[in-house]
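One structure below.
Please read these numbers as outputs of a predicted model, since none were measured by experiment. Atoms considered below: every heavy atom in the structure, side chains included; atoms not considered: hydrogens, waters and symmetry mates. Throughout, protein chains are lettered first and strands after them, A, B, ... in sequence-line order, and every chain is numbered starting at 1.
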Protein chains: 2
Amino acid sequence: MMNMLDNKKQNQIDNDQILVFKALSDPVRLKIIKYLKQLNHEVSCGEVGKAINISKTSGSYHFKLLELAGLINTRREAREKYVTLNEQTFDKYVTNFYKSM
Amino acid sequence: MMNMLDNKKQNQIDNDQILVFKALSDPVRLKIIKYLKQLNHEVSCGEVGKAINISKTSGSYHFKLLELAGLINTRREAREKYVTLNEQTFDKYVTNFYKSM
DNA sequence: TGAACAGTTCAATATATTTTGAACAATTTA
DNA sequence: TAAATTGTTCAAAATATATTGAACTGTTCA
């Protein structure tokens with residue numbers, strides 16, 4: 001049975017879901033994701049930015065959104081920030097979206 | 001091997017992919033989709049609109065975007081327009097996104 | 001026929017997202 | 001230490017998306 005507190009939780013889940021789809025609905029971020037998937041190992045933001053030809057400011061903005069959506073894991077090492085895909089999030093919010101919504 | 005013509009095709013696929021994610025990244029449209037999934041049979045736009053409490057203008061706008069993304073099938077019968085989910089699109093662009101991108 | 005109904009279109013407005021460049025902090029290298 | 005490197009933040013501008021109400025088309029019903 002669904003009470004009003006559970007309803008809040010449901011809204012939070014919907015919000016997370018929406019953040020994920022929003023993050024995936026931009027051509028720059030799709031390029032980032034495809035690049036990371038193809039490489040299949042940790043890379044710096046700078047390397048990704050050079051590979052797909054975007055400015056560092058734009059990169060910073062897009063990596064932030066991907067991170068907020070939980071689609072990438074990030075690790076800072078001194079000057080550089082390293083990123084990888086977070087497959088769990090893809091699984092939960094994309095691959096399993098239809099069957100579990 | 002990927003030549004420049006294939007590249008155009010790839011861009012088209014990306015565009016379709018983006019239309020799908022964009023369509024899914026809005027709370028109203030997510031409500032529509034959940035309602036249709038739950039019902040699991042054809043309903044009119046008006047019935048959906050009443051169920052989730054949106055104006056007919058807003059409904060018309062959102063159903064159009066869902067249709068453009070290929071996420072719903074529509075059928076007009078006289079005054080009314082009936083909609084169902086298009087599971088194939090969910091399969092191809094959502095469920096299989098990660099593995100096949 | 002004329003009123004009600006289902007949905008669309010349009011233009012105006014509001015809101016959200018993306019891009020850009022300048023200034024910044026922290027770290028590394030010469 | 002000074003210069004170069006990596007990335008962030010901020011504000012302005014450009015662009016895209018969503019909401020609203022009025023007017024409209026086509027259909028049904030009394």
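When the side chain to side chain donor-acceptor pair (under 3.5 Å) test is applied to A/Gln38, no partner is found at least two apart in sequence or on another chain. A/Phe97 is linked by a ring-ring contact (aromatic ring centres under 6.0 Å, His included) to A/Phe21, counting only residues two or more places apart in sequence or in another chain. Listed by chain and number, the residues in a side chain to side chain contact (heavy atoms under 4.5 Å, CB included) with B/Lys56 amount to none (sequence neighbours excluded). Qualifying side chain to side chain donor-acceptor pair (under 3.5 Å) partners for B/Asp16, counting only residues two or more places apart in sequence or in other chains: B/Gln12. Here A/Thr84 pairs with A/Glu42, A/Asn73 under the side chain to side chain contact (heavy atoms under 4.5 Å, CB included) rule; sequence neighbours left out. Judged as a salt bridge (charged side-chain N to carboxylate O under 4.0 Å, His left out), and not counting sequence neighbours, the contacts of B/Lys81 are B/Glu67.
Pairs engaging residues 84-101 of chain B under the salt bridge (charged side-chain N to carboxylate O under 4.0 Å, His left out) rule: none recorded [sequence neighbours left out]. Screening residues 38-87 of chain B for ring pair (Phe, Tyr, Trp, His ring centres under 6.0 Å), with sequence neighbours left out, gives no hits.
Whole-Å rounding puts the A/Ile54 CD1 to C/dT20 C1' distance at 13 Å. Remark: C1' of D/dT17 and CG of B/Leu66 are 14 Å apart, rounded to the nearest angstrom. When rounded to the nearest whole Å, the span between CG of A/Leu65 and C1' of C/dT17 equals 9 Å. Here C/dT18 presents its C1' atom at 16 Å from CG of A/Leu30, a figure rounded to the nearest Å.
Remark: B/Lys22, B/Asp26, B/Arg29 in residues 18-29 of chain B come within less than 4.0 Å of DNA chain D through at least one heavy atom.
Among all heavy-atom pairs drawn from A/Ile72 and A/Leu36, the shortest one is CG2-CD1, 4.0 Å. Minimum heavy-atom separation, A/Val43 to A/Leu39: CG1-CD1, 3.3 Å.
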Output side-chain donor-acceptor pairs under 3.5 Å for residues 44-55 of chain B, partner residues at least two apart or in another chain, one line each.
unit_1  : atom_1 : unit_2  : atom_2 : d
B/Ser44 : OG     : B/Glu47 : N      : 3.1
B/Glu47 : OE2    : B/Tyr35 : OH     : 3.2
B/Ser55 : OG     : B/Ser58 : N      : 3.1

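An end-to-end axis angle of 10° holds for the helix from C/dT1-D/dA30 to C/dA30-D/dT1, taken from five base pairs per end and rounded to 10°.
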Identify all pairs in which a protein N or O lies below 3.5 Å from an N or O of nucleotides 4-8 of chain C, and state each distance.
unit_1 : atom_1 : unit_2  : atom_2 : d
C/dC5  : O4'    : B/Arg79 : NH1    : 3.3
C/dC5  : O2     : B/Arg79 : NH1    : 3.1
C/dG7  : OP1    : B/Cys45 : N      : 3.3
C/dG7  : OP1    : B/Gly46 : N      : 3.4
C/dG7  : OP1    : B/Lys81 : N      : 3.2
C/dG7  : OP1    : B/Lys81 : O      : 3.4
C/dG7  : OP2    : B/Gly46 : N      : 2.7
C/dG7  : O3'    : B/Arg76 : NH2    : 3.2
C/dG7  : N7     : B/Lys56 : NZ     : 3.2
C/dG7  : O6     : B/Lys56 : NZ     : 2.8
C/dT8  : OP1    : B/Lys81 : NZ     : 2.7
C/dT8  : OP2    : B/Ser60 : OG     : 2.6
C/dT8  : O5'    : B/Ser60 : OG     : 3.4

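A close approach under 4.0 Å does not occur between any side-chain nitrogen or oxygen of B/His62 and OP1 or OP2 of D/dT17.
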